[in-house]
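Below you'll find the structure, written out as structure tokens, and then a few comments.
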Amino acid sequence: MMYASKPNRRQPDMTWENIAAEKRRRRAAAIEAVQPILKKAQLDGRPASAPKLEDIAALTSQLGNGSITAESVALAYISRCLLAQPWVLDPNVTPLPWREDKYVEVQTRPLKIGLILDDGVVRPHPEIELAVQRAAELLEQAGHEIVPWDTSDHMDCIKIMDQVYRADGGEDIRNEVAAAGEPLLPHVAALLESARPISVYNYWQLHRLKVAAQQAYNDKWNDSHRLGQARHPEQRSVDVLISPVMSHTAVPHRKTGKWVGYTKIWNFLDYTAMSFPLARFSGDPTEVGDSSSEQILVAATRGRAEFQQKYVPRNDLDEWNQQQYDPEAMHDLPIGVQIIGRRFEEEKVLGVATVLEKLLH
């Protein structure tokens with residue numbers, strides 16, 4: 001997570017900061033990553049804020065770089081390596097090796113997939129929603145079942161998560177940023193101004209709330225066998241979810257997004273999540289037919305005017321998101337999609353990504 005803002009100063013040659021801002025914006029949005037659950041990958045020795053914070057999973061990703069068609073197999077290979085025997089090096093890791101049978105099995109049968117287009121807090125830009133819909137259509141046309149997924153509990157989970165992050169009054173973040181000698185990002189500074197340290201007892205109560213919320217979400221997932229058209233005799237619960245990664249494309253250089261709820265929720269639940277660029281934003285609707293073989297070109301010709309002129313934001317975050325919508329400036333930027341599984345389901349998530357990869361071809 002980024003807390004500090006780089007001041008305007010010349011950086012040495014051959015550094016990340018010295019790469020052109022627009023190129024960074026585009027490539028950052030095109031990164032493909034898998035986030036394993038808290039107890040699945042080795043964390044010991046990695047620099048991180050609030051190390052060993054077990055109430056909320058750290059963002060720990062195996063990275064690729066490019067489209068899903070280029071990287072899903074590579075990520076599966078990386079995961080096999082990293083999940084070989086990490087518990088030998090880190091006693092906090094669950095001794096669960098890579099399960100090739102799970103990775104293969106999910107590619108051989110009809111899937112049941114929960115669809116998230118809008119989390120009910122911040123509405124995605126029309127092209128973001130369209131890209132996720134397109135992924136759902138590809139899967140449905142291939143015989144997989146798509147069912148709507150209820151997100152009404154997401155905001156309550158994120159409120160608990162934010163209290164956990166601020167339980168120390170922001171001391172950890174302040175110390176880390178002070179060591180770097182850099183100014184805080186404005187929205188982080190605002191968050192810390194309202195942060196007050198709480199007692200150990202009150203922290204325990206937050207933990208109880210977190211566990212209860214995780215159990216309720218697990219129950220909801222188990223009950224999802226009731227969703228859909230009952231086309232599967234065994235009445236399975238959903239295998240995975242698909243969702244936007246963010247409500248917008250990559251923001252311009254030196255700006256930051258204000259709502260990360262589409263990814264933050266899976267950290268709270270400690271679920272496996274994979275993000276990848278599925279489509280590209282088209283500022284010119286006439287170019288939509290000019291798609292590459294690997295990524296879909298999308299332009300929400302009907303929804304664009306409605307979103308800009310008629311949509312009434314739900315809250316301040318939603319209003320900020322609406323104000324960022326600029327089809328001309330966003331032209332050709334990658335649009336990400338997520339595949340989400342439950343705890344210890346890295347193999348299943350990567351397997352479903354492979355299914356989608358084949359459909360794109």
Considering non-hydrogen atoms only, spot the tightest contact between [X] and [Y] and give its length.
X	Y	answer
W221	W149	CA-CH2, 3.7 Å
L333	A329	CD1-O, 4.3 Å
W87	L96	CZ3-N, 3.4 Å
A167	Y203	CB-CD1, 3.5 Å
I146	A136	CG1-O, 3.7 Å
I158	G261	CD1-CA, 3.7 Å

For the pair D156 and I160, evaluate side-chain contact (heavy atoms from CB on, under 4.5 Å) and give the outcome as yes or no after the intermediate values.
-> CA-CA 7 Å; D156 289 337; I160 297 170; 5.8 Å; no
Between F276 and L356, does a side-chain contact (heavy atoms from CB on, under 4.5 Å) hold up when you go through it step by step?
-> CA-CA 11 Å; F276 53 88; L356 186 53; 3.7 Å; yes
Could you tell me the separation between the [atom1] atom of [X] and the [atom2] atom of [Y], rounded to the nearest 0.5 Å?
X	Y	atom1	atom2	value
F281	I296	CZ	CD1	15.0 Å
N267	K264	CG	NZ	9.0 Å
L227	L115	CG	CG	12.0 Å
K220	Q215	NZ	CD	13.5 Å
R109	H144	CZ	NE2	9.5 Å
I335	M330	CD1	CE	9.0 Å

Using the side-chain contact (heavy atoms from CB on, under 4.5 Å) rule, take L360 and L278 through it: C-alpha gap first, then chi angles, then the decisive distance, then the call.
-> CA-CA 9 Å; L360 286 170; L278 180 83; 3.7 Å; yes
Among E346, E105, E347, find the one that has a side chain to side chain donor-acceptor pair (under 3.5 Å) with R99.
-> E347
Check the angle between the aromatic planes of [X] and [Y] and answer parallel, tilted or perpendicular using the 30° and 60° thresholds.
X	Y	value
F307	H125	perpendicular
H154	W266	perpendicular
W204	Y201	perpendicular

In this structure, are over 12 heavy atoms from other groups packed under 6.0 Å from D316 atom CG?
-> no
More than 12 heavy atoms from other groups under 6.0 Å of CD on E328 = no
Side chains of [X] and [Y]: closer than 4.5 Å at any heavy-atom pair?
X	Y	answer
Y165	I173	no
V349	I340	no
V121	T151	no
T94	F344	yes
R166	S194	yes
I198	L206	yes
L117	P244	no
V106	V355	no

Is the backbone N or O of [Y] less than 3.5 Å from a side-chain atom of [X], with the two atoms forming a donor-acceptor pair by type?
X	Y	answer
R123	E129	no
Q338	M274	no
E127	A300	yes
D119	V122	yes

For the pair E345 and K102, evaluate salt bridge (charged side-chain N to carboxylate O under 4.0 Å, His left out) and give the outcome as yes or no after the intermediate values.
-> CA-CA 9 Å; E345 290 192 336; K102 301 291 185 183; over 6 Å; no
Qualifying residue for ring pair (Phe, Tyr, Trp, His ring centres under 6.0 Å) with H248, from Y325, W259, W320 | W320
Report the C-alpha distance between D239 and K112 in whole Å, list the side-chain angles of each, state the deciding distance to 0.1 Å, and finish with yes or no for salt bridge (charged side-chain N to carboxylate O under 4.0 Å, His left out).
-> CA-CA 5 Å; D239 290 291; K112 187 172 184 177; over 6 Å; no
Verdict with supporting geometry, D153 and Y217, side-chain hydrogen bond (donor to acceptor under 3.5 Å, both in side chains) = CA-CA 8 Å; D153 49 359; Y217 211 95; 4.9 Å; no
Treating Ile, Leu, Val, Met, Phe, Trp and Tyr as nodes and any side-chain heavy-atom pair under 4.5 angstrom as an edge, say whether L359 and I339 lie in one connected cluster.
-> yes
With hydrophobic residues grouped by side-chain heavy-atom distances under 4.5 Å, do L111 and V104 end up in a single group?
-> yes
Salt bridge or not for R343 and D270, using N-O below 4.0 Å?
-> yes
Would you sort out whether R134 and E137 count as a salt bridge (charged side-chain N to carboxylate O under 4.0 Å, His left out), showing the intermediate values?
-> CA-CA 5 Å; R134 181 57 179 147; E137 289 169 2; 3.6 Å; yes
Under the side-chain hydrogen bond (donor to acceptor under 3.5 Å, both in side chains) rule, collect the residues that match up with Q308, sequence neighbours excluded.
-> none
Sequence neighbours excluded, the answer for side-chain hydrogen bond (donor to acceptor under 3.5 Å, both in side chains) partners of T108 is none
side-chain hydrogen bond (donor to acceptor under 3.5 Å, both in side chains) between R314 and N321: does it pass, once the steps are laid out?
-> CA-CA 11 Å; R314 305 156 177 158; N321 183 66; over 6 Å; no
Go through K210 and V164 one step at a time and tell me if the side-chain contact (heavy atoms from CB on, under 4.5 Å) criterion holds.
-> CA-CA 9 Å; K210 182 209 71 169; V164 171; 5.6 Å; no
List the steps, then state whether side-chain hydrogen bond (donor to acceptor under 3.5 Å, both in side chains) holds for N218 with Q214.
-> CA-CA 6 Å; N218 188 69; Q214 289 177 329; over 6 Å; no
